[in-house]
Amino acid sequence: MTFIVGLTGGIGSGKSTVADLLAERGAVLVDTDVIAHQLTAPHGAAMATIADAFGREVLTADGALDRAAMRRLAFSVPEAKARLEAILHPLIRQRSDEACRQAMDAPYIVLVVPLLVESANYRQRIDRLLVVDCEETTQIERVMARSGLSADQVRAIIAVQATREQRRAVADDLLLNDGNLAELRPQIDRLHQQFVVLAAAKSAADR
């Protein structure tokens with residue numbers, strides 16, 4: 001099995017940027033957020049079940065998941081979030097496992113899972129856990145800039161995720177991302193070289 005690095009971090013921490021930089025250096029990305037968006041796009045594999053579970057009010061005009069409507073429902077009806085996850089998570093797991101199997105020739109795989117720490121079963125699937133971390137003020141600024149959410153809305157999302165301390169406590173590797181790309185790239189170079197060495201060692205041990 002190819003060496004798998006699990007990549008996680010809080011909303012706005014810069015996971016996608018880190019993943020893209022590792023991919024530039026040769027890693028294969030398997031992004032569970034991308035898979036989730038595919039499943040909840042118009043005619044996505046999860047949409048019929050979601051419509052049955054929650055009704056048309058959580059669908060957009062073209063039949064995709066209305067994320068803003070679903071977010072409002074999840075915050076007002078706590079069990080709604082668990083019901084949505086029960087629909088999506090098995091499908092995401094199935095598709096991400098298949099994508100990892102198809103990347104057997106990769107130097108290593110980066111499996112991007114935003115809620116990896118909250119989803120304990122993912123830890124069994126990875127060889128190394130990389131946590132991207134930054135100050136909460138940075139998270140809020142980044143998410144507000146890209147999404148139009150208010151600071152209070154971003155804080156509400158952060159509040160239901162694992163804390164920074166919880167993620168840092170279980171990390172094999174910690175990448176601090178409060179700065180700019182110029183400050184990030186040396187950390188990425190170091191991690192990439194480390195993962196290549198670890199992947200080669202695992203491959204040799206498996207032979």
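If you read the sequence from its start, that first residue is 1, and numbering goes on from there.
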Would you say [atom1] of [X] has more than 12 non-hydrogen atoms from neighbouring residues, nucleotides or ligands within 6.0 angstrom?
X	atom1	value
Asp62	CG	yes
Gln94	CD	no
Arg56	CZ	no

Ring pair (Phe, Tyr, Trp, His ring centres under 6.0 Å) pairs, two or more places apart, involving residues 179-207: Tyr108-His192, Tyr108-Phe195
Sequence neighbours excluded, every pair satisfying ring pair (Phe, Tyr, Trp, His ring centres under 6.0 Å) that has a member inside residues 140-167: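 For residues 140-167: none.
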Going hydrophobic residue to hydrophobic residue with side-chain gaps under 4.5 angstrom, can you get from [X] over to [Y]?
X	Y	answer
Leu84	Val34	no
Leu116	Leu7	no
Val112	Ile35	no
Val77	Leu88	yes
Leu174	Leu198	no

Would you call [X] and [Y] a side-chain contact if the rule is heavy atoms closer than 4.5 Å?
X	Y	result
Leu21	Leu184	yes
Asn177	Ser13	no
Val5	Ile109	no
Val18	Ile188	yes
Ile158	Ile140	yes
Leu191	Asp173	yes
Arg71	Ile157	yes
Leu130	Leu175	yes

Worked check of side-chain contact (heavy atoms from CB on, under 4.5 Å) between Glu141 and Glu135: CA-CA 10 Å; Glu141 289 170 2; Glu135 295 292 336; over 6 Å; no
Between [X] and [Y], which heavy-atom pair has the shortest distance, and what is it?
X	Y	result
Gly14	Val132	C-CG1, 4.3 Å
Ile4	Cys100	CD1-SG, 4.1 Å
Val143	Ser147	O-OG, 2.6 Å
Thr32	Ser96	CG2-CB, 4.3 Å

[X]/[Y] ion pair, N-O < 4.0 Å:
X	Y	answer
Arg95	Glu98	no
Asp97	Arg125	yes
Glu85	Lys81	yes
Asp133	Arg167	no

Do side-chain atoms of [X] reach the backbone of [Y] as a donor and acceptor pair under 3.5 angstrom?
X	Y	value
Ser203	Ala199	no
Gln38	Gly44	no
Thr138	Cys134	no
Lys15	Gly10	yes
Gln161	Leu115	no

Verify whether one side chain among [X] and [Y] offers a donor that lies under 3.5 Å from an acceptor in the other.
X	Y	value
Asp152	Ser150	no
Thr60	Asp66	no
Thr163	Arg168	no

Enter the distance from [X]:[atom1] to [Y]:[atom2] here, rounded to the nearest 0.5 Å.
X	Y	atom1	atom2	answer
Gln187	Arg190	CD	CZ	6.5 Å
Arg185	Arg25	CZ	CZ	6.0 Å
Asp31	His37	CG	NE2	9.5 Å
Arg83	Leu73	CZ	CG	8.0 Å
Arg72	Gln153	CZ	CD	9.5 Å
Phe54	Met70	CZ	CE	4.0 Å

Residue pair Leu59, Leu65: steps toward the side-chain contact (heavy atoms from CB on, under 4.5 Å) verdict: CA-CA 5 Å; Leu59 273 60; Leu65 178 66; 5.6 Å; no
Pair Asp105-Thr2, side-chain contact (heavy atoms from CB on, under 4.5 Å): steps then yes or no: CA-CA 7 Å; Asp105 295 329; Thr2 304; over 6 Å; no
Verdict with supporting geometry, Val28 and Val110, side-chain contact (heavy atoms from CB on, under 4.5 Å): CA-CA 6 Å; Val28 168; Val110 175; over 6 Å; no
